[in-house]
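The residues of the chain are indexed from 1 along the displayed sequence. Given the structure is predicted, the values throughout are model-derived calculations rather than measurements.
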Amino acid sequence: MSMHPDPDLNPGDEAEPGTPGAGEDICEACAGTGRLGDGKACPECGGSGRVMRGIGGG
């Protein structure tokens, strides 16, 4: 296991894109807008409004 996080992942991601049993979901921190109430980019999704979640299987 690597001790360095993948730079392409955001803090809200549970898996890398393409991982079996994972899929894209709406970021709960910003409700999918990519922005927080203060107008800054959401740190959980990196401003995309979407995160990768484990959805089952694998």
Applied to residues 42-51, the salt bridge (Lys or Arg N to Asp or Glu O under 4.0 Å) test, sequence neighbours excluded, yields E24-R50
S48 side, atom OG; I26 side, atom CD1 - distance, nearest 0.5 Å: 9.0 Å
With sequence neighbours left out, the residues meeting side chain to side chain contact (heavy atoms under 4.5 Å, CB included) with P43 are L36
Closest non-hydrogen atom pair between P17 and L9, with its separation: CD-CD2, 4.2 Å
Counting distance only, does the side-chain N/O of D13 pair as donor-acceptor with the main-chain N or O of A15 below 3.5 Å? no
Report, one line per pair, each donor and acceptor closer than 3.5 Å where one atom sits in a side chain of residues 28-35; sequence neighbours left out.
{"residue": "T33", "atom": "OG1", "partner": "C30", "partner atom": "O", "Å": "2.9"}
{"residue": "T33", "atom": "OG1", "partner": "R35", "partner atom": "N", "Å": "3.1"}
{"residue": "T33", "atom": "OG1", "partner": "R35", "partner atom": "O", "Å": "2.9"}
{"residue": "R35", "atom": "NH1", "partner": "G39", "partner atom": "O", "Å": "3.4"}

Could you walk me through whether V51 and E14 pass side-chain contact (heavy atoms from CB on, under 4.5 Å), step by step? CA-CA 8 Å; V51 293; E14 296 176 354; over 6 Å; no
CE-CG distance between M52 and D25, expressed to the nearest 0.5 angstrom: 9.5 Å
